[in-house]
Chemist: 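Have a look at this one before I ask anything.
A note on names: the letters A, B, ... follow the listed sequences, proteins ahead of strands, and every chain is numbered from 1.
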Number of protein chains: 2
Amino acid sequence: MTKQTDAARAAEDVPASQAGAQQAGGRMCADDRRLQIVQVALRLFSERGFRGTTTKEIAQTAGVSEAIIFRHFATKDDLYTAIIDYKGCAGLGASPVSAAAERPVIEQVCHSVAAAVEGSDDLAVFEGIALSMLEHHRGDPDFLRLLMYLALENHSLAQLFWDKNVRVLYEFLGDYIRRRQREGAFRDVEPNAVVRVFVGAVIHHSLVNLLWDRDPARRIFDVSNEEAARGFAEIVLRGVAADPSAKDSDSK
Amino acid sequence: MTKQTDAARAAEDVPASQAGAQQAGGRMCADDRRLQIVQVALRLFSERGFRGTTTKEIAQTAGVSEAIIFRHFATKDDLYTAIIDYKGCAGLGASPVSAAAERPVIEQVCHSVAAAVEGSDDLAVFEGIALSMLEHHRGDPDFLRLLMYLALENHSLAQLFWDKNVRVLYEFLGDYIRRRQREGAFRDVEPNAVVRVFVGAVIHHSLVNLLWDRDPARRIFDVSNEEAARGFAEIVLRGVAADPSAKDSDSK
DNA sequence: CGATTACAAGTAAGTACTTACTTACCTTAG
DNA sequence: CTAAGGTAAGTAAGTACTTACTTGTAATCG
């Protein structure tokens, strides 16, 4: 009954190397099964935390017996690190478990930034970065949740993520602001303070959406990512604009 | 051996109604014991999460047998909610477990706001709120961590905390901004966007300090709370200031 | 070709241990 | 004495992980 339902849900996660003909409970080659278990475990860990998820639950959701989890992964911890590897955690030192692994977060952000920087339009830069981050967070909520768990548990991977992603973003934005200050476009404020406000707003927005604002009926942040990104960029940019009435010189 | 050490640590948490002569394992009146257990559990929960902390560990750290935890609290969940009550989680529906309980978070913020509002100085209001929040978070990191765990585990208490605290703050600031807009002091931006930027910056700052920036040698946010609060308030206020060169007119 | 073999994928039913919670019994202040 | 604070030693229900066994597939060989 529930097993049927779980098996059906698990089927969505099947890598689909020969999808369609495949039942969740059916036979599967080792790599596909491994990948499927990783994907199921990622979802469950991010929903209930590492300790809050049992290997039995993972097995049931994947539609297999518990024992085959331990055929593919020596321990539950092994499964945990396999997830991190699978997410290709921004060059965390490990190679992805599969070709399907996603690219590091920061690359996406930098790409969008690079494109925006071309026009040297401040609003486009900040809006682009904000939107890119918001979209990424919304598109992969599991990862954000997992990262929060990692950070709370003081896992070293969280520190590495900071260094490889957030720190890079901070330094990029800091440099950008300093440059614009030298060019006279921004007033003389502490660049890091501006960065903290901007990045803080974006991340906080994603976190609230992720953790608190799930029920659509009682949304407090009932704006699209586009609106939010634009709002953040506008307010922060106006906050650092060089001079009165010079505010619209660059944008639009 | 470890029991001795734990007992010594637990002694720090003893309410000290007749402190000094008290061994952790010694006899204690029910209220004191209850309070001590709550304090120990709060620390452990915030370090390892609810599921990651066993009642046995709590008992050992408190220097008592596991059974007395269940004399004072019917279930582990009961202990959990007692912690929330103890922290005076903004009238979550229960009265504090003891007279020593702290006041609700939001009250502290509102107090500081009320004081600042007197002078109707925008900068003082925003700076005051930011500083109050930052100081509160720094002074009680356990609570922030516990709250993050609550939110990640999708505990209903997290929702309640949102409603009773954050939402109140959001609405207060939103109303404040709308009022100042009507008075012509602020320009016509979406008030909620401003609030999100401001509150986001503050909370993000606290979270980063709590989760990532613990090692003083590699701090990225190496500013005092006062500096941070002032920086956040200045940038956001300048971002919503009504007119060029009107920035000092409002602080009458 | 069909039968045999080899082996990976899969499972049911454990094991050893931990968990939240209980029971029956002490101990001591008032 | 009595009642409340405290405990040692449980219990039932998990928990991660193992064992002994079955099945599907596909290459090998008479």
Side-chain angles (χ1 to χ4, degrees), chain A residues 3-4 6-7 10-11 14-15 17-18 21-38 40-41 44-45 48-83, chain B residues 2-3 6-7 10-11 14-15 17-18 21-38 40-41 44-45 48-83 97-98 153 155:
Chain A
K3 193 173 184 182
Q4 205 71 358
D6 283 340
V14 167
S17 57
Q18 59 256 64
Q22 214 142 228
Q23 284 292 89
R27 208 181 173 87
M28 203 181 280
C29 86
D31 281 348
D32 284 355
R33 182 63 80 195
R34 214 182 130 88
L35 184 55
Q36 184 217 8
I37 292 172
V38 163
V40 166
L44 294 185
F45 283 160
R48 308 125 124 99
F50 179 72
R51 295 191 129 118
T53 307
T54 67
T55 50
K56 196 176 176 181
E57 284 175 321
I58 296 170
Q60 281 175 345
T61 308
V64 293
S65 77
E66 201 180 348
I68 85 125
I69 286 178
F70 293 99
R71 179 181 296 286
H72 291 286
F73 307 94
T75 65
K76 196 184 172 191
D77 276 296
D78 254 39
L79 177 52
Y80 201 56
T81 57
I83 289 174
Chain B
T2 41
K3 192 172 185 182
D6 283 340
V14 166
S17 58
Q18 59 257 64
Q22 213 142 233
Q23 284 293 90
R27 208 182 174 85
M28 202 181 281
C29 88
D31 282 348
D32 284 354
R33 182 63 81 197
R34 218 181 128 87
L35 183 55
Q36 184 217 8
I37 292 171
V38 163
V40 166
L44 294 185
F45 283 161
R48 309 131 124 100
F50 179 71
R51 297 189 126 120
T53 308
T54 67
T55 50
K56 195 176 177 182
E57 284 174 322
I58 296 169
Q60 281 175 345
T61 308
V64 293
S65 79
E66 202 180 346
I68 85 124
I69 287 178
F70 293 98
R71 179 181 294 288
H72 290 286
F73 307 94
T75 65
K76 195 185 171 189
D77 275 299
D78 253 40
L79 176 53
Y80 205 54
T81 58
I83 289 174
V97 76
S98 142
E153 287 163 1
H155 203 293

Chemist: I'd like to know if the side chain of B/Lys76 and the backbone of B/Phe50 have a donor-acceptor N/O pair within less than 3.5 Å.
Modeler: yes
Chemist: Return the set of residues passing side chain to side chain contact (heavy atoms under 4.5 Å, CB included) with B/Phe70 (not counting sequence neighbours), or none when no residue passes.
Modeler: B/Thr55, B/Glu66
Chemist: Tell me the interatomic distance from A/Asp31, atom CG, to C/dA9, atom C1', rounded to whole angstroms.
Modeler: 13 Å
Chemist: Taking all non-hydrogen atoms of both residues into account, name the closest pair between A/Arg34 and A/His72 and its distance.
Modeler: NH1-O, 3.0 Å
Chemist: How many angstroms lie between OG in A/Ser65 and CD1 in A/Ile68, if you round to the nearest 0.5 Å?
Modeler: 6.5 Å
Chemist: OP1 or OP2 of D/dG6 versus the side-chain N and O atoms of B/Arg33: is any pair under 4.0 Å?
Modeler: yes
Chemist: How many whole angstroms separate atom CZ of A/Arg48 from atom P of D/dT15?
Modeler: 11 Å
Chemist: Between CG of B/Asp31 and CD of B/Gln36, what distance do you get to the nearest 0.5 Å?
Modeler: 13.0 Å
Chemist: Which atoms of nucleotides 28-30 of chain C (N or O only) lie under 3.5 Å from a protein N or O atom, and what are those distances?
Modeler:
none

Chemist: Distance check needed: D/dA16 P versus A/Gln60 CD, whole Å only.
Modeler: 12 Å
Chemist: What's the separation between atom OG1 in B/Thr61 and atom CD1 in B/Ile37, rounded to the nearest 0.5 Å?
Modeler: 11.5 Å
Chemist: Start with the C-alpha gap between A/Thr75 and A/Asp78, add the side-chain angles, then the distance that decides, and say whether side-chain contact (heavy atoms from CB on, under 4.5 Å) holds.
Modeler: CA-CA 5 Å; A/Thr75 65; A/Asp78 254 39; 3.7 Å; yes
Chemist: Report the distance from atom CD1 of B/Ile68 to atom P of C/dA20, rounded to the nearest whole Å.
Modeler: 16 Å
Chemist: Starting from P on C/dT19, measure out to CG on B/Leu79 and report it in whole angstrom.
Modeler: 16 Å
Chemist: From CG of A/Asp77 over to C1' of D/dT15, roughly how many Å is that when rounded to an integer?
Modeler: 14 Å
Chemist: Return the value, rounded to whole Å, for the distance between atom CD1 of B/Ile58 and atom C1' of C/dT19.
Modeler: 12 Å
Chemist: Of the non-hydrogen atoms in B/Ala59 and B/Ile69, which two are nearest, and what is the gap between them?
Modeler: N-CD1, 3.6 Å
Chemist: Could you tell me which residues satisfy side chain to side chain contact (heavy atoms under 4.5 Å, CB included) with B/Thr53, sequence neighbours excluded, listed by chain and number?
Modeler: B/Leu44, B/Phe45, B/Arg48, B/Glu57, B/Ile58
Chemist: Mind checking A/Ser65 for me? I need base, sugar-phosphate or nothing, with any heavy atom below 4.0 Å counting as a touch.
Modeler: base
Chemist: What does the inter-axis angle of the helix from C/dC1-D/dG30 to C/dG30-D/dC1 come out as, five pairs per end, nearest 10 degrees?
Modeler: 10°
Chemist: Heavy atoms within less than 4.0 Å of DNA chain D: which residues of residues 69-76 of chain A have one? Give them sorted by number.
Modeler: A/Phe70, A/Thr75, A/Lys76
Chemist: Looking at every non-hydrogen atom in both residues, tell me the closest pair between B/Ala82 and B/Val38 and how far apart they are.
Modeler: CB-CG2, 4.1 Å
Chemist: Between P on C/dA9 and CD on A/Glu66, what's the gap in Å once rounded to a whole number?
Modeler: 19 Å
